[in-house]
There are 4 protein chains.
Amino acid sequence: MTPRPNVSEMRTRQIIEAATAVFAAKGFDVATMEDIADAAGINKATIYLYLKNKDALIRAIAEQLFAQELAGLQAAHDLPGAATERLTAYYESLIADEAEVLPLMPIFYEFCALGLRRDEVRAVISEFIDQVTGLLESIIQDGIDSGEFAPTEARQAARALDALLSGTLLHWVYAPEEVDVDAQLRYGIRLMFRGLANHP
Amino acid sequence: MTPRPNVSEMRTRQIIEAATAVFAAKGFDVATMEDIADAAGINKATIYLYLKNKDALIRAIAEQLFAQELAGLQAAHDLPGAATERLTAYYESLIADEAEVLPLMPIFYEFCALGLRRDEVRAVISEFIDQVTGLLESIIQDGIDSGEFAPTEARQAARALDALLSGTLLHWVYAPEEVDVDAQLRYGIRLMFRGLANHP
Amino acid sequence: MTPRPNVSEMRTRQIIEAATAVFAAKGFDVATMEDIADAAGINKATIYLYLKNKDALIRAIAEQLFAQELAGLQAAHDLPGAATERLTAYYESLIADEAEVLPLMPIFYEFCALGLRRDEVRAVISEFIDQVTGLLESIIQDGIDSGEFAPTEARQAARALDALLSGTLLHWVYAPEEVDVDAQLRYGIRLMFRGLANHP
Amino acid sequence: MTPRPNVSEMRTRQIIEAATAVFAAKGFDVATMEDIADAAGINKATIYLYLKNKDALIRAIAEQLFAQELAGLQAAHDLPGAATERLTAYYESLIADEAEVLPLMPIFYEFCALGLRRDEVRAVISEFIDQVTGLLESIIQDGIDSGEFAPTEARQAARALDALLSGTLLHWVYAPEEVDVDAQLRYGIRLMFRGLANHP
DNA sequence: GATGAATGAGGTTTCATTCAT
DNA sequence: TATGAATGAAACCTCATTCAT
């Protein structure tokens, strides 16, 4: 009913977008509210009209990033077809977003560090990991049920799979010239699939 | 007359040790030099007698951590016996150090974040990852040569293995109550071994 | 609507004024930014909104002082009349400002010391001395052209005159009770005039 | 009677010498006790065995410099001959020491600034100026008595002369390439002599 | 006499945050 | 809604000085 509830929402988005870029480039602590305001083309004080403080801004970014990430996995999960195909679709979507994912990695690691020290942040990350694990588990369970995979502890397998994916990202961002993400991910997953496979 | 050139060296160690704990607890930026001095039981200014500045302190910690980590892998690498056994020895040493490793994880992630923004830090991490990969590759290659593993791209396999290990750490630190590291790591590695195995 | 672009300019002036007094009283290095802020009745951090740092503050003061000083000489230079009268007007203006000039002497000497060590400062002082010399030279040349003074090297005479003036200030500030500036300056100038005069 | 009272004295001299160079190069406040110790090739703490503190060090330097300077003037004063010749001898000795005097100028100006703020320093400088003035006055009075100079206020003349000399130094140090000290000083003095001369 | 080690005190500068307009 | 101006709090680092050896 309100005429334009989106004006405020758009400003918030604009700020979060600018902040994401600035935080990625400088780090949460080094980046200043002024840096962010400049990047957003607004005044420093204006940020406080939309976000309580720097911490809230960081949290807002986290939520947005995790939501995006989850959406991708959820989409793969909802796909019809074989488990291996759905999982492959997931990691291919990861690779497809390469240009967007890479610059966000510093934020991701910083979050991981932050989460080990501040409980509110920890809760957000734990929840995220839990959901990712759950979706992967569900897909794997489908694979087991369909006979694609040998019977196994689906949740452990899900964690192993996610571990492989996120660990591969680390190698990728630190050796982008040597590591061909596509090939490396494909290789890792194939290994896992073979490990999980229903051998004759 | 007593051979005591280590007074200085011991102080440096003392400071680094205190700083490691403080940085782990608060983060590089939030932790202050005074926090560290207090933790070491010395005066703030004394730190500067042994380390040029906060950055140098951070660097010193990084080097020490990476060196320790590498030493563990190197030891496993130098072990006699089958590749699978040597790899297993490695991850078991990781688990054995649990009490020490866990509190250092925030530092590790913070480094990963830092390294993506500052080239000097990046170089240190890249080098570390490269050495880890190299050692794992060497073990895997031995496994291939001995017929334990099917012929494969040993370097890619090494990266996949390290990815699995470090990714599992992430799950562990964020769900320590649900995740049994030992079991989870064992499970992941078994999967990989089966994937790599020379099937009849 | 009111034309008030000078809010910022006035604050800057306010700060410079306070800083001038504090620097004169304590010296560039001993005076703290807090001293200056207190003297200006503002917060320490506010200074940095208007001047980049302590150095910039010092520079701003130098420029202002030299500009004022030059303005006085320029005014005397632009006067009509005989050279001796114009020069006399100059030193009289110096004496008239006694109350303002005296407390600034420490700053002047400090600048002279600083200028011998830092090239950017040196440039400012060199330029100042050069302009003073130039204006005095111009007046003296007029005196030569009009037959008031005997033909001579006007630039050297100008330097000698300025040397006498500034050297007299030194005696004055260090023996204010014994030295009657007015009489002393008048005496010195008369000596010079007689030395320069066109004797029959 | 003491075997070697000069060991201590020599160390003190060594320190003062080093400090003079360091202070001249960096300024009283910026130069650190460690800078000085390094320049003297000794330990920082050793300085305190010979000089109470930084202030005492600065004072010691002042005293030494002023004593040297006075000695030069005293020597000229004690010369036989005409007043103009004795005065000329003085400024020639100044010029002869050029290589030594020039690097000390920053210290001199810094002292002048310091003296206007700290009474103990002021006393030293006032005394110095007073003695210089007294010696010059004595020479000039001799010139008057001998008929070389016209009757005049010898003390005022002395101040004017010293003002000219020290003011010329300022021009010299700030325009060393344009100003030929020798010529400039000679010129200034000639002007004064003519002004003082007993015209027919 | 000489010094390596230590520290208390303090200065410059930065920044998240607030508020009047 | 938006912002220019202001500030309290704090962090890094330096240095004169002391003292045990």
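Below, read A as the first sequence line, B as the second, and so on, with proteins coming before strands; counting in each chain starts at 1.
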Salt bridge (charged side-chain N to carboxylate O under 4.0 Å, His left out) involving D:D38 - partner list, sequence neighbours excluded: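 D:D38 satisfies salt bridge (charged side-chain N to carboxylate O under 4.0 Å, His left out) with no residue once adjacent residues are dropped.
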
Please report the distance, rounded to the nearest Å, between [atom1] in [X] and [atom2] in [N].
| X | N | atom1 | atom2 | value |
| --- | --- | --- | --- | --- |
| D:I58 | F:dA16 | CD1 | C1' | 12 Å |
| B:K52 | F:dC12 | NZ | P | 15 Å |
| D:D55 | F:dC15 | CG | C1' | 14 Å |
| A:K54 | E:dT17 | NZ | P | 8 Å |
| D:I15 | F:dA16 | CD1 | C1' | 15 Å |
| C:M33 | F:dC12 | CE | P | 20 Å |
| C:E34 | E:dT12 | CD | P | 9 Å |
| A:L57 | E:dA16 | CG | P | 11 Å |

Complement of E:dA6, any strand, by Watson-Crick or G-U distances under 3.5 angstrom: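 In the structure as shown, E:dA6 has F:dT17 as its Watson-Crick or wobble partner.
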
Reference residue B:Y50; test side-chain contact (heavy atoms from CB on, under 4.5 Å); the match among B:I42, B:I15, B:L57: B:I15

What is the distance from atom [atom1] of [X] to atom [atom2] of [Y], rounded to the nearest 0.5 Å?
| X | Y | atom1 | atom2 | value |
| --- | --- | --- | --- | --- |
| D:T46 | D:I36 | OG1 | CD1 | 13.0 Å |
| B:F128 | B:L65 | CZ | CG | 9.0 Å |
| D:I47 | D:T12 | CD1 | OG1 | 11.0 Å |
| C:L104 | C:E69 | CG | CD | 9.0 Å |

Check whether more than 12 heavy atoms from other residues, nucleotides or ligands sit under 6.0 Å from atom CD of B:Q64, and answer yes or no. yes

Of A:D29 and C:Y48, the one whose nearest nucleotide on DNA chain E sits closer to the 5' end is C:Y48

For a quick check, with a 4.0 angstrom heavy-atom cut-off, what is the B/S/- contact string for nucleotides 1-8 of chain E, read 5' to 3'? SBBBSBBB

May I ask you to say what C:A31 touches in the nucleic acid, namely base, sugar-phosphate or nothing, with a heavy-atom cut-off under 4.0 Å?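 Since only primed, P, OP1 and OP2 atoms lie under 4.0 Å of C:A31, the category is sugar-phosphate.
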
